[in-house]
2 protein chains.
Amino acid sequence: MSTETRRPAEKKLTRKGQETRRRIVAAAAQLMYERGVTEATLEDVRAAAGVSGSQIYHYFADKQALLLAVIEHQTEAVLGMQESLFADLDSMAGLRRWRDALVEYQRRLQCRGGCPIGSLGSEVAETNPEARLAVASGFLRWETAIRDGLRAMHARGELDGDPDDLALATLAALQGGLLLTQIQREVRPLEVALDSMLDHIESRVKRP
Amino acid sequence: MSTETRRPAEKKLTRKGQETRRRIVAAAAQLMYERGVTEATLEDVRAAAGVSGSQIYHYFADKQALLLAVIEHQTEAVLGMQESLFADLDSMAGLRRWRDALVEYQRRLQCRGGCPIGSLGSEVAETNPEARLAVASGFLRWETAIRDGLRAMHARGELDGDPDDLALATLAALQGGLLLTQIQREVRPLEVALDSMLDHIESRVKRP
DNA sequence: CAAAAAATGGGTTGTCCAATCCAGAATCTG
DNA sequence: CAGATTCTGGATTGGACAACCCATTTTTTG
């Protein structure tokens, strides 16, 4: 169950090989996002990636190894998409812009799909310890990004209360809002959850 | 796809039949909670319920019909467990007691399992419209219970702000807190998420 | 209590899917 | 450019699982 066992072709990867591997992960990520991990068959992934036969097993030991790659891929995708907004999370204006972007993104998706990381996490949490830890690590990075902003505000003396707690609570509000939005197919839960949390933060901001 | 098609033996049910059906639903609920819907096989359910062979198909048309029964069963279980606490959600003390009970319950479970309704919802949301609506209806009842408490406070003139929005945000905080708690195997996310939300509500309470 | 209806047991079938194998093509490396 | 390595294609296998069938037993009902 070592890493080498799980990723047979990690050592040497041709440029073409890297590209093929990338296509497989991207296709798998999309399908697992749309249908869930267990409902996304490797045959579907194969077809969507435009590869054939044993390609997947050339790059991944088994479906589990592919899943772990997908979790990392989705973490990068989700955090990457917010990267430019993370820089401004040290002000209420920046927090509100971040909130608006998240809401607008869900609206564009017609409230479908939920959080790419959270959905994976919920599915694997009780049956797949390794995958659960990978998701936990993704959430930790997300939490850290929010925390950095609030800590900066706190360090400047603009924010009362524990910035670490507020960051974790904000991530929780976001996840809960996304889940309810996904299930109700309305953006309101996400809007209200984030607004309440940001209002709470603002109530602890000392106007200079 | 009518109701009769889906539940062959709805019309007449012997006392013994009701008991058997109940055992099947309870076993299925437990297994789907522990392993997820797709990973819980009907063979597992059969064995856990202590019935044999075609019993399940005698009471349910297919796995989908059983899943819908499980969603309703879990909704009753989750709301039933909180019923005594719901009555006091019209005061900060009652809200805090409710928060304590939820946290304590997760602690007893060692942070495993997450929310029985939320987990199901996340799994079925994109692939099973009928099940998604059943989960949405469960969440609505939950939201309503919280809303009733906050509305009462608001009606008495003790609470500023929209009680409906606060109720929805509270449910979102709870769901997000449960998800993060499940994935991190620590109660802190749930504690912090609920505390932040209740602090926010309290900041809008006018002390009499 | 007798006929009808409901409940139970176990076996079967067909499908789907993860995983494996081997042969041949493309690409890298010395 | 030649030998080695990596990449690709297609075919196959073995197991698991949802769904179905029929015969037997138990319970209900008139």
Side-chain angles (χ1 to χ4, degrees), chain A residues 1 4-25 27-28 31-32 34-70 123-124 127-128 130-131, chain B residues 1 4-25 27-28 31-32 34-70 123-124 127-128 130-131:
Chain A
M1 199 58 79
E4 300 94 79
T5 309
R6 304 281 299 286
R7 300 181 186 178
E10 181 107 20
K11 340 179 176 182
K12 289 247 175 178
L13 269 194
T14 306
R15 178 171 308 169
K16 196 176 179 183
Q18 285 181 355
E19 174 54 30
T20 303
R21 196 194 119 105
R22 222 185 49 78
R23 270 210 322 283
I24 293 172
V25 174
L31 284 167
M32 288 178 177
E34 291 170 358
R35 309 184 195 171
V37 176
T38 52
E39 299 252 0
T41 74
L42 294 183
E43 165 60 23
D44 294 335
V45 172
R46 190 201 61 71
V51 301
S52 57
S54 62
Q55 297 289 90
I56 294 173
Y57 285 93
H58 183 67
Y59 294 97
F60 302 95
D62 49 24
K63 198 178 181 181
Q64 169 76 359
L66 177 57
L67 169 60
L68 294 178
V70 164
E123 189 171 353
V124 304
T127 54
N128 195 331
E130 208 173 355
Chain B
M1 198 57 79
E4 301 95 79
T5 309
R6 302 281 297 286
R7 298 180 188 179
E10 182 106 20
K11 340 179 177 182
K12 290 248 176 179
L13 269 194
T14 305
R15 180 172 305 170
K16 195 175 179 182
Q18 284 180 356
E19 175 54 29
T20 303
R21 196 195 120 106
R22 221 185 49 78
R23 272 210 323 283
I24 293 172
V25 173
L31 284 167
M32 288 178 178
E34 290 170 359
R35 310 185 195 170
V37 176
T38 52
E39 300 251 358
T41 74
L42 294 184
E43 165 59 23
D44 295 334
V45 173
R46 190 201 60 72
V51 301
S52 56
S54 62
Q55 297 288 90
I56 294 173
Y57 285 95
H58 183 67
Y59 294 97
F60 302 95
D62 49 23
K63 198 179 181 180
Q64 169 76 0
L66 177 57
L67 170 60
L68 294 178
V70 164
E123 189 172 352
V124 305
T127 54
N128 196 331
E130 209 173 354

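Just so we're on the same page: letters track the sequence lines, and every chain starts at 1.
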Between Arg23(B) and Glu19(B), does a side chain to side chain contact (heavy atoms under 4.5 Å, CB included) hold up when you go through it step by step? CA-CA 6 Å; Arg23(B) 272 210 323 283; Glu19(B) 175 54 29; 3.7 Å; yes
Approximate separation, where rounding is to 0.5 Å, of [X] [atom1] and [Y] [atom2]:
| X | Y | atom1 | atom2 | value |
| --- | --- | --- | --- | --- |
| Asp62(A) | Leu67(A) | CG | CG | 10.0 Å |
| Glu39(B) | Thr38(A) | CD | OG1 | 6.0 Å |
| Leu68(B) | Glu130(B) | CG | CD | 5.0 Å |
| Tyr59(A) | Leu66(A) | OH | CG | 13.0 Å |
| Leu31(A) | Arg46(A) | CG | CZ | 12.0 Å |

Between [X] ([atom1]) and [N] ([atom2]), how many Å, whole number?
| X | N | atom1 | atom2 | value |
| --- | --- | --- | --- | --- |
| Arg23(A) | dC7(D) | CZ | C1' | 12 Å |
| Glu19(A) | dT8(D) | CD | C1' | 15 Å |
| Ile56(A) | dT6(D) | CD1 | P | 20 Å |
| Gln18(B) | dT27(D) | CD | P | 15 Å |
| His58(B) | dA23(D) | NE2 | C1' | 15 Å |

Quick check: closest heavy atoms across Gln55(B) and Val51(B), and the distance to 0.1 Å?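 Minimum heavy-atom contact is CG-CB, 3.5 Å.
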Reading nucleotides 10-21 of chain C 5' to 3', which nucleotides get B (base under 4.0 Å from a protein heavy atom), which S (sugar-phosphate only), which -? B------SSBBB
Net bend of the helix from dC1(C)-dG30(D) to dG30(C)-dC1(D), end axes of five pairs each, nearest 10 degrees: 30°
Sole residue of Val124(A), Val37(A), Asn128(A) in side-chain contact (heavy atoms from CB on, under 4.5 Å) with Gln64(A):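 With Gln64(A) as partner, Val124(A), Val37(A), Asn128(A) yield a single side-chain contact (heavy atoms from CB on, under 4.5 Å), made by Asn128(A).
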